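Below is one structure, written out as C-alpha cells; the observations come after it.
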Amino acid sequence: PAQKPFVMLVSLLVGPAFNKEFLVEISGTTVTITCPLTEGSIVWELTGRKADGSDQKHTIQNHDSSPANVSCSSGKEKYEMYLNARVCANCEELDALAVTGIITADLLITFGVLILVYYFSKDRKGRASASAGSRPRGQKMQRPPPVPNPDYEPIRKGQREVYAGLQSRGF
C-alpha cells in the first residue's frame, strides 16, 4: 500500500507504453520488479548486464540504493526503465494518517506548553509586586534626587572670586 506513489512515479519515468508499465514493490532491501510483458521467455538486463531468471517478476535481493537501468525483453518487444529506489534495512513505513497524527499531537503539546508558561509567568509578576517589603523597581518608581540648598553649593571653577573675600574663622 505504501509503495503505490513510488509505482506511479516509476510509471511516469517509463512513460506510456501502450498502457503497459512496470510494477515495482519494495520491502526492506528487496526490490521486486514485474515486467509488462506476459508471454514468452523474458530476458532481464540490469545496467547492461543480463540477470538470472526468465520469469515475469525479477527480484533484487539486498539492493544497495544505487540507480540502475532495468529492461525486460521478449522477442522484438523491449521495455526499459530507470530505477532509483532508496531502500533501508530498518525502515518503518508510515501512512499519511499516522504522519498527520504525529504533527497534530506535536503542535498541540507545543501550544499547551506555551500557554502554561504564559500563565505561570503572568502569575509570578502579580505576586512579586503585591508582596510586602519589596522595593518598587524602575525609573518611574524611584524618587528624584533632592534639590540642592543654594546656601551649601560647592565651589565651582571660575566662581572662586565670589568666595575669595571670606576669611576662615578660627575657633
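As the structure is a prediction and not an experimental result, all values here were calculated from the model.
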When rounded to the nearest 0.5 Å, the distance separating CG of Asn84 from CG of Asn69 is 10.5 Å
Could you tell me the separation between the CD1 atom of Ile33 and the OG1 atom of Thr59, rounded to the nearest 0.5 Å?
8.5 Å
Within the structure provided, determine whether His63 and Ile26 are in side-chain contact (heavy-atom separation under 4.5 Å).
no
Measure up the Tyr79 and Phe22 rings against each other and bin them: parallel (under 30°), tilted (30 to 60°), perpendicular (over 60°).
perpendicular
Side-chain donor or acceptor of Asp55 paired with backbone N/O of Lys57 under 3.5 Å:
no
Between Gln56 and Ile42, is any pair of side-chain heavy atoms under 4.5 Å apart?
yes
Could you tell me which non-hydrogen atom of Leu37 sits nearest to which non-hydrogen atom of Ser74, and how far apart they are?
CD1-N, 3.5 Å
Is a donor on one side and an acceptor on the other found under 3.5 Å between the side chain of Ser65 and the backbone of Val87?
yes
Please examine the side chains of His58 and Leu46, heavy atoms only from C-beta on, and report whether any two atoms are closer than 4.5 Å.
yes
Distance, nearest 0.5 Å, that separates SG of Cys72 from CD of Glu80
9.5 Å
How long is the span from the CZ atom in Phe120 to the CD1 atom in Ile115, to the nearest 0.5 Å?
12.5 Å
CG of Leu114 to OH of Tyr119, rounded to nearest 0.5 Å, is 12.5 Å
Could you measure the distance from the CG atom of Leu107 to the CD1 atom of Ile102? Nearest 0.5 Å is fine.
12.0 Å
